[in-house]
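Since the structure is predicted, the reported quantities are computational estimates derived from the model, not experimental observations. Hydrogens, waters and symmetry mates are skipped; everything else that's a heavy atom, side chains included, is used.
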Amino acid sequence: MKTVQISLNSIDKVKSFVNDITKFDCDFDLVSGRYVIDAKSIMGIFSLDLSKPIDLNIHSEDSANEVMETLKPYMI
């Protein structure tokens with residue numbers, strides 16, 4: 001598992017983020033405080049406080065480099 005900090009501070013950014021990560025077959029969790037939600041769930045993302053950076057847990061070993069390239073626009 002790898003953890004990175006991301007920022008999803010606009011509706012368009014959330015939509016493009018979900019579209020980008022649904023292409024991958026691995027699991028992604030967003031962690032904000034004591035809440036952990038599925039990062040592929042757009043409704044779940046909007047339940048979080050998006051004004052602050054969010055931790056993204058990536059549960060993948062095989063496609064890690066490709067995932068990191070896709071996440072570059074969102075990482076802090």
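Among pairs with a residue in residues 32-53, none fulfils ring-ring contact (aromatic ring centres under 6.0 Å, His included), at least two apart in sequence or across chains. Pairs engaging residues 1-11 under the side chain to side chain donor-acceptor pair (under 3.5 Å) rule: Thr3-Asn57, Gln5-Asp55 [sequence neighbours left out].
The side chain to side chain contact (heavy atoms under 4.5 Å, CB included) test applied to Asn19 returns no partner, not counting sequence neighbours. Every residue meeting the side chain to side chain donor-acceptor pair (under 3.5 Å) condition with Ser16, not counting sequence neighbours, appears here in chain and number order: Tyr74. Scanning for salt bridge (charged side-chain N to carboxylate O under 4.0 Å, His left out) contacts around Asp49 gives Lys52, with sequence neighbours left out. Scored by the ring pair (Phe, Tyr, Trp, His ring centres under 6.0 Å) test, Phe28 finds no partners at all (sequence neighbours excluded).
Side-chain contact between Leu56 and Asp29: absent, with no pair of heavy atoms (C-beta onward) separated by less than 4.5 Å. Annotation: side chain of Ile58 is not in contact with side chain of Met1 (no heavy-atom distance under 4.5 Å).
The structure places CG of Leu30 at 12.0 Å from NZ of Lys40, a figure rounded to the nearest 0.5 Å.
A pairwise comparison of heavy atoms in Ile76 and Pro53 identifies CD1-CB, 3.2 Å as the closest pair. Of all the heavy atoms in Ile21 and Ala39, the pair that sits closest is CD1-O, 3.4 Å. Across all their heavy atoms, Ile37 and Gly44 have their closest contact at CD1-C, 3.4 Å. For the residue pair Leu48 and Ser32, the shortest heavy atom distance occurs at CD2-CB, 3.9 Å. Nearest approach of Lys13 to Leu8, heavy atoms of both residues: O-CD2, 4.1 Å.
Residues Asp20 and Thr22 have side chains that never bring a donor and an acceptor to within less than 3.5 angstrom of each other.
Linking ILVMFWY residues whenever their side-chain heavy atoms come closer than 4.5 Å, directly or via other members, leaves Val18 and Val36 in distinct clusters. Following chains of ILVMFWY side-chain contacts shorter than 4.5 Å, one cannot reach Val31 starting from Ile42, and the two form parts of different hydrophobic clusters.
A donor-acceptor pair under 3.5 Å links the side-chain atoms of Thr70 to the main chain of Glu66, judged by distance alone.
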